[in-house]
Amino acid sequence: MNETLPPCPQCSGAYTYEMGALLVCPECGHEWTAGAADPAAGDASAGERVVKDAVGNVLADGDTVTVVRTLKVKGSPSGIKAGTKVRNIRLVDGVDGHDIDCKVDGFGPMQLKSSVVKKA
């Protein structure tokens, strides 16, 4: 194991660790590849992908969003109601257009589409 891992490019945390091909910061939760370890390269890759909510606002990691319509959830009789706030989202390259990874109170971790949320 390599003992000289670079610090986190977001928060400069020294406790980074390897998880597969990614480097992870346990302090802020930031994940990056070893090739994009310098902050300039990380900003360039983040600038290429822009995720917008239902009304056109640009979303970022850590934002709070509100669900704009009631969503059916498999295995739940009620689903997620419109107006539910979801805090501390994380943008991911998900499956089937689900590009937000989050935890919804009462439902647990799940992925949402950015087209069904708006920035709070």
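Treat the numbers as computed from the prediction; the structure is a model and nothing was measured.
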Please tabulate, for the side chains in residues 107-120, all donor-acceptor contacts under 3.5 angstrom to protein atoms that are two or more places apart in sequence or on a different chain.
unit_1, atom_1, unit_2, atom_2, d
Ser114, OG, Lys52, O, 3.2
Ser114, OG, Asp99, OD2, 3.2
Lys119, NZ, Val58, O, 3.3

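- Nearest heavy atoms, Cys8 versus Trp32: CA-CH2, 3.5 Å.
- Nearest heavy atom pair, residue Glu27 against residue Cys11, reads OE1-SG, 4.2 Å.
- Partners of Glu31 by side chain to side chain contact (heavy atoms under 4.5 Å, CB included), not counting sequence neighbours, listed by chain and number: Met19, Leu22, Val24, Arg90.
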Would you mind writing out the side-chain donor-acceptor pairs for residues 68-83 within the sub-3.5 Å range, not counting sequence neighbours?
unit_1, atom_1, unit_2, atom_2, d
Ser76, OG, Gly79, N, 3.4

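- Using a 4.5 Å heavy-atom cutoff, the side chains of Leu59 and Val65 are in contact.
- Summarising the geometry, atom CZ belonging to Arg87 is positioned 6.5 Å from atom CG belonging to Asp105; distances are rounded to the nearest 0.5 Å.
- Of all non-hydrogen atoms in Leu23 and Pro6, the two that sit nearest each other are CD1-CG, 3.8 Å.
- Side-chain contact between His30 and Pro9 is present, with heavy atoms from C-beta onward closer than 4.5 Å.
- Side-chain contact between Ile100 and Leu91: present, with at least one pair of heavy atoms (C-beta onward) separated by less than 4.5 Å.
- Pro7 and Thr16 get closest at one heavy-atom pair: C-CG2, 4.0 Å.
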